[in-house]
Amino acid sequence: MRALRLWRGLRARPVPPVRALRSAVPPRPGPQQQVTAEVLGQLEHLALVDFRDAEGVERLQKAIRFADQLREVNTDGVEPMDSVLEDRCLYLREDDVTEGNCTRELLKNAREKVEEYFVAPPGNIPLPKLEDQETFLQGS
Amino acid sequence: MCFQVSAALRDGHVTPTELCQRCLSLIKSTKFLNAYITVAEESALKQAEESEERYRRGQPLGVLDGIPIAVKDNFNTAGIETTCASNMLKGYISPYNATVVQKLLDQGAVLLGKTNLDEFAMGSGSTDGVFGPVRNPWSYSRQYKEKSVPKSHSEDEESNWVITGGSSGGSAAAVSSFTCFAALGSDTGGSTRNPAAHCGVVGLKPTYGLISRHGLIPLVNSMDVPGILTRCVDDAAVVLGSLAGHDPKDSTTIQDNFKPFELPNLTDVSKLSIGIPKEYHAPGLSSEILALWSKAADLFKNAGAKVIEVSLPHTRYSIVCYHVLCTAEVASNMARFDGLEYGHRSDMNKSTESMYAATRREGFNDVVRGRILSGNYFLLKQNYENYFVKAQKVRRLIANDFVKVFGSGVDILLTPTTLSDAAPYTEFIKEDNRTRSAQDDILTQAANMAGLPAINVPTALSERGLPVGLQFIGRSFQEKQLLTVAKWFEKQVKFPMIQLEEVKRHDHGVFQHQKSASFS
């Protein structure tokens, strides 16, 4: 019986050797082989998170190489999928205020506030570039 | 077991406060597991007292009234610290309850505390949170100790402990060590099923859109679901019954009416069609688990079910796809943490941007920061099409694989949950978080991609004396069928109970209720 043969097949088949998935496909050189310092700086600025050190940058490089495996898949004519519930309607509720009035509750968790305002340091001051980072953030 | 313990509460064999106290006491004596971040002792006892009053009046709210539960620390709980195991939210006291928490409390459940996890639910070991790693209770079980190479020093025993898996490791450990009867986890790539498999408990990932995510601090909005961890499938059905349903506060929950169900005792499986996806015979799958999987397939076949091999050709890309989509959504979701309105705030105050940057630098660990940066990379204009949109297209292919298979008459898929049993902590940390996640999520991730319900059922002990589970994946919103089959399987395999010293010491008959029900 076909089904019987299957289990024997599962049992008989040798377990594939352990390979980290990332090395199952040799990394291919993509158009952005090395992420430029400019892009690194741009990312730090967008994310407002720093790479901190060379390890962080290497982590990004590895992540990109890993993601490059997607190139192997043929997606011609395939629509991107935003949500698994795309076949259903998203309902909007009525624009009525049903809750709120919890200013005090919400302000409790903020560290710096004045009356009913959250207090932020001055804005419109751009974050310094990568090279200047160290000195600027030394104050933190 | 909820049913048994519920009956015991109703009949007055045990009171909610007694139950609560036993659990709190057990939590204290199993502190070395590091399963809990916050234990809400006072409020739990108060809830237990209120429950007791209701039982006295003969008016319990339901099956869950008085039942101690634990909640993963990425769910908001009013008045209780919610940290996501991150410095970013240390000291953050939620002003509201997540919908699922509220629903459990409305049913009278007693919230014992918040459980440990990987920071912001990113990881597959529950080792990367700021409160330290969670230890698998089975590390201290007689079953594991008996199989370990005998060592003379207790120090070696200390370093021998195994991980819980993740990221809902704390919740899994809490349920596994009997400190609570059910726990909430979250599942984005397998975060409920993975630790469930390693800790020998039932881990249910419901269909995306069935249970509200309002109040669950989001990781990947299009894949996150609250997960349910219990000691048996029946309990999972009970908890599911109290949580599922449309929530006006979560627009991604479906509008369909949900009817809680009781699981029938399936005796005839001849009408079932079980699919065995061949791609789940993945590189690195241990021969033990392969054998177990095969045995399980035989079990169904011998009982009369139709068991066939199927193919989900894009399985191997699900991890890569997840990697891109997850980091992209994470980059977006983590943007809310800037120190201004809640959470950690840096002392840096030269400018708004530098304050934000410093706050995030101080608040997030390397894993989180790494994902944010990768995500932002994939979302750059020059990369958007090639990475993000491409991943979305691959997602559709993965989801379609499942549609085809289920469309061909298969009812349920049977797969392994993990590649092997739990690794010792010292082994696990040799590789970095992303590599581990990529390896460990491979069998669980695709179900999240497609939004399908999936459940881990503890199956047997490995040669090392550690739990191994198998996974069932069902059709969208067909939890009843999925759980019915899982329950049948659970009954067949008779997974052994963990033999823990601490539990025995606390067992004054209270936990007997669970023991008797754990065996069929």
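Each chain gets a letter, A, B and so on, in the order its sequence line appears, and its residues count up from 1.
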Heavy atoms, side chains only, cut-off 4.5 Å: are [X] and [Y] in contact?
| X | Y | result |
| --- | --- | --- |
| A:Val84 | B:Arg395 | yes |
| B:Asp432 | B:Asp366 | no |
| B:Ile372 | B:Phe364 | yes |

> Looking only at heavy atoms, which of residues 102-112 of chain A get nearer than 4.5 Å to chain B?
Replying inline: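 Interface residues of residues 102-112 of chain A: A:Glu105, A:Leu106, A:Asn109, A:Ala110, A:Arg111, A:Glu112.
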Please look at [X] and chain A and tell me whether the side chain, the backbone, both or neither of the residue comes under 4.5 angstrom of a heavy atom of that chain.
| X | value |
| --- | --- |
| B:Val389 | both |
| B:His314 | side chain |
| B:Phe477 | side chain |
| B:Ala450 | backbone |
| B:Tyr96 | neither |
| B:Asp256 | side chain |
| B:Met334 | neither |
| B:Leu452 | neither |

> Atom OG1 of B:Thr359 and atom CZ of B:Phe337: how far apart are they, to the nearest 0.5 Å?
Replying inline: 12.5 Å
Does any heavy atom of chain B fall under 4.5 Å from the side chain of [X], the backbone, both, or neither of them?
| X | result |
| --- | --- |
| A:Glu55 | neither |
| A:Asn124 | neither |
| A:Leu43 | both |
| A:Glu99 | side chain |
| A:Val39 | side chain |
| A:Leu70 | both |

> So which of A:Asp82, A:Val78, A:Leu90 has the biggest tally of heavy-atom pairs under 4.5 Å with chain B?
Replying inline: A:Val78
>> I need the residue from A:Ala120, A:Gly56, A:Gly123, A:Ala67 with the largest number of non-hydrogen atom pairs under 4.5 Å to chain B.
In response: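 Maximum pair count with chain B is reached by A:Ala67.
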> Taking every heavy-atom pair that is under 4.5 Å apart, which of B:Leu340, B:Val324, B:Val368 has the most such pairs with chain A?
Replying inline: B:Leu340
> Would you say B:Arg213's side chain and B:Val225's backbone share a donor-acceptor pair under 3.5 angstrom?
Replying inline: no
> Between A:Asp50 and B:Arg369, is there a side-chain N and carboxylate O pair less than 4.0 Å apart?
Replying inline: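 Answer for the salt bridge query: yes.
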>> What I want to find out is whether B:Lys390 reaches A:Glu72 closely enough, with some N-O distance under 4.0 Å, to be called a salt bridge.
In response: no
> Does any donor atom in the side chain of B:His214 or B:Asp247 lie under 3.5 Å from an acceptor atom in the other side chain?
Replying inline: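 The answer is no; no qualifying pair exists.
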> Between A:Asp96 and A:Thr98, does any side-chain donor sit less than 3.5 Å from a side-chain acceptor?
Replying inline: no
>> Counting neighbours of CG on A:Asn101 that are heavy atoms of other residues, nucleotides or ligands and sit closer than 6.0 Å, is the number greater than 12?
In response: no
>> Can you tell me if A:Lys113 has over 12 outside heavy atoms packed within less than 6.0 Å of its NZ?
In response: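 Atom NZ in A:Lys113 is crowded, with more than 12 foreign heavy atoms closer than 6.0 Å.
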> Who passes side-chain hydrogen bond (donor to acceptor under 3.5 Å, both in side chains) against B:Ser420, sequence neighbours left out?
Replying inline: none
> How far apart are the C-alpha atoms of B:Asp224 and B:Tyr208, what are their side-chain angles, what is the distance that settles it, and do they pass the side-chain hydrogen bond (donor to acceptor under 3.5 Å, both in side chains) test?
Replying inline: CA-CA 7 Å; B:Asp224 286 349; B:Tyr208 180 85; over 6 Å; no
> Taking the inter-plane angle between the rings of B:Phe378 and B:Tyr387 on a 0 to 90° scale, is it parallel (under 30°), tilted (30 to 60°) or perpendicular (over 60°)?
Replying inline: tilted
